[in-house]
Amino acid sequence: MSEAIIEAVAVEKSYPQADGTRIQVVGSTNLVIEPGKIIALLGPSGCGKSTLLRILTGLSQPSSGTLLWHGKPLDGRTPNVAIVFQSFALFPWLTVLGNVEAPLEAKGVEAVERRKRALRALDTVGLDGFETAYPKELSGGMKQRVGFARALVVEPEVLFMDEPFSALDVLTAENLRGELLELWLNKKMPTSAIFIVTHNIEEAVMLADRVMVLGRNPARIRSDFTIRLKHPRERKSPRFVELVDYIYKVMTEPDTEHALPDAETTAEIILSAAGLTSDPRKKQEAPIRTARYQMLPHARVGGIAGLTELLRDRGGREDLFRLSEELVMDVEDLLPILEACVLLGFAWLKEGDVQITPQGIAFADADIQQRKILFRNAALEHVMILKQIDSILKRKSDHAIADEFFHDILDEHFAEDEVQRQFETALNWGRYAEIFDYDRASGRLTQAEPPSAPAPVPSADGPNPAAKS
């Protein structure tokens, strides 16, 4: 094994709360970045990918654990890294050349030298001739090329990329991926390793030599494996499809351990998938808080209904990879809808397939009023926060309560930015199901009259809907 450039040993990130407890965002994690590799980090939305990236780049300090640079603690030093962001983050008042020179100017590089290096970086990414253009004159793909050049001009040992292609259209993103790979394979980049955060599974398998998949709440590495396919890689090859399907399973079935479908799978990979390590020096620490509050997937009722209808029309079962491909949806967009269907009992996830349940079929076939009732029944059976709201409103003498009460409950279990997202999802579901009414001006929830039309609930008896046909 080559000497690690960056090594994270039991790093963890948590945030203090007003009551003295801490919310753990990144669980105790061990991670190594070696030279000569492209490493891809995958995980569901909000799982902590960007937080971990910021720790590895030195932008954020871990709450505990050690970050080593070539085997030595950083101790306040700035590592030789650069970051390409999703949002381009260019200075609109500077020309293309000025944007690329900016980090060199910040480092105190003299004008002649920084001009020479900036022109060389622009030539590398194919932007010679656009030196005097301003960002407003450029397409999205060209803006991201400026971002690449600005990162490469400082000659970083590790190039970090935070979802660099997600803001681009499909064709532009595909073109830039190809250009990035061409620069890397032909050693035209002054960098020793690339670490890319992405939500696109195919992108990870297409580019990376090594893939890590994060679980969430808190973030932990569920799988860490090497891809041994030669470049260029063929999307339709059996091994490529097999790896994509494996990652889908790891991401969509967080409570199940999956072995990498490879004869060369090692004990280390199996231990990694279980969140363990064979190295006693890197023993994983227990999370600060073991009790976990249910995290709602951020999906709207329309998306849930649309997926159940689609599954019903396709005979009840579909492969996740094929479904994502045909819907032209990234896993980041499809996963919350799938998770919501599973949570509500409308679908099963099994070995990379999604299958509708009898309850899901009834929901797909129901009219508007019956759907409300079926959704209400499923929500009150399976969704903890909605059960709590319904129970409290029934017991209050005025059948009303301030939303701050539930914000406080959620605040005990989630980071600050996730609290509002959880509450908005609960509001969306609860109002649709007529569990409560909500007045945003006063911030009060009030018990609603439930829909009165009868709705038959299908029996769950019979064959296991998750069983393979």
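Nothing fancy with the numbering, it's 1 onward along the sequence.
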Verdict with supporting geometry, Arg145 and Glu179, salt bridge (Lys or Arg N to Asp or Glu O under 4.0 Å): CA-CA 10 Å; Arg145 283 188 178 89; Glu179 291 183 2; 2.8 Å; yes
Once rounded to the nearest 0.5 Å, what's the spacing between atom CD of Gln447 and atom CD1 of Ile435? 10.5 Å
His399: what forms a ring-ring contact (aromatic ring centres under 6.0 Å, His included) with it, not counting sequence neighbours? none
Check whether Ser60 reaches the backbone of Arg54 with its side chain - one donor and one acceptor, N or O, closer than 3.5 Å. no
Please work out which of the three classes, parallel, tilted or perpendicular, describes the rings of Phe363 and Phe375, given edges at 30° and 60°. tilted
Are there more than 12 heavy atoms of other residues, nucleotides or ligands under 6.0 Å from atom CZ of Arg210? yes
Salt-bridge present (Arg371, Glu309; N to O < 4.0 Å): yes
Heavy-atom pair of closest approach, residues Ile337 and Gly303: CG2-O, 3.4 Å
Step-by-step side chain to side chain donor-acceptor pair (under 3.5 Å) determination, Ser223 to Tyr246: CA-CA 10 Å; Ser223 186; Tyr246 164 72; 2.6 Å; yes
Could you pull out the closest heavy-atom pair between Met251 and Gly43, with the gap in Å? CE-C, 3.7 Å
Does the distance from a Lys or Arg side-chain N to an Asp or Glu carboxylate O, for Arg444 and Asp398, drop under 4.0 Å? yes
Would you say CD of Glu424 has more than 12 non-hydrogen atoms from neighbouring residues, nucleotides or ligands within 6.0 angstrom? yes
Quick check against the 3.5 Å criterion: does Asp437 have a side-chain atom that pairs as donor or acceptor with the backbone of Ala448? no
Nearest heavy-atom pair of Leu386 and Ala379: which atoms, and what distance? CD1-CB, 3.7 Å
Crowding at CZ, Phe91 (>12 non-hydrogen neighbours, <6.0 Å): no
I'd like to know if the side chain of Arg222 and the backbone of Val250 have a donor-acceptor N/O pair within less than 3.5 Å. yes
Taking all atoms of both residues into account, what is the closest heavy-atom pair of Ser63 and Arg22, and its distance? OG-NH2, 3.8 Å
Heavy-atom count around Tyr432 OH within 6.0 Å, excluding the residue itself: above 12? yes
Identify whether the distance between the nearest side-chain nitrogen and carboxylate oxygen of Glu434 and Arg376 falls below 4.0 Å. no
Atom pair OG (Ser64) and NZ (Lys13), whose distance is rounded to the nearest 0.5 Å: 10.0 Å
Say whether, by atom type as modelled, one donor and one acceptor occur between the side chain of Arg220 and the main chain of Arg216 under 3.5 angstrom. no
Taking all atoms of both residues into account, what is the closest heavy-atom pair of Asn30 and Ala10, and its distance? OD1-N, 2.7 Å
Atom CG in Leu53, atom CZ in Phe195: separation rounded to 0.5 Å? 6.0 Å
Evaluate side-chain contact (heavy atoms from CB on, under 4.5 Å) for Trp69 paired with Ile5, printing each intermediate quantity in order. CA-CA 6 Å; Trp69 179 265; Ile5 302 173; 3.8 Å; yes
According to the interplanar angle, ranging from 0 to 90°, do the rings of Phe165 and Phe148 count as parallel (below 30°), tilted (30 to 60°) or perpendicular (above 60°)? perpendicular
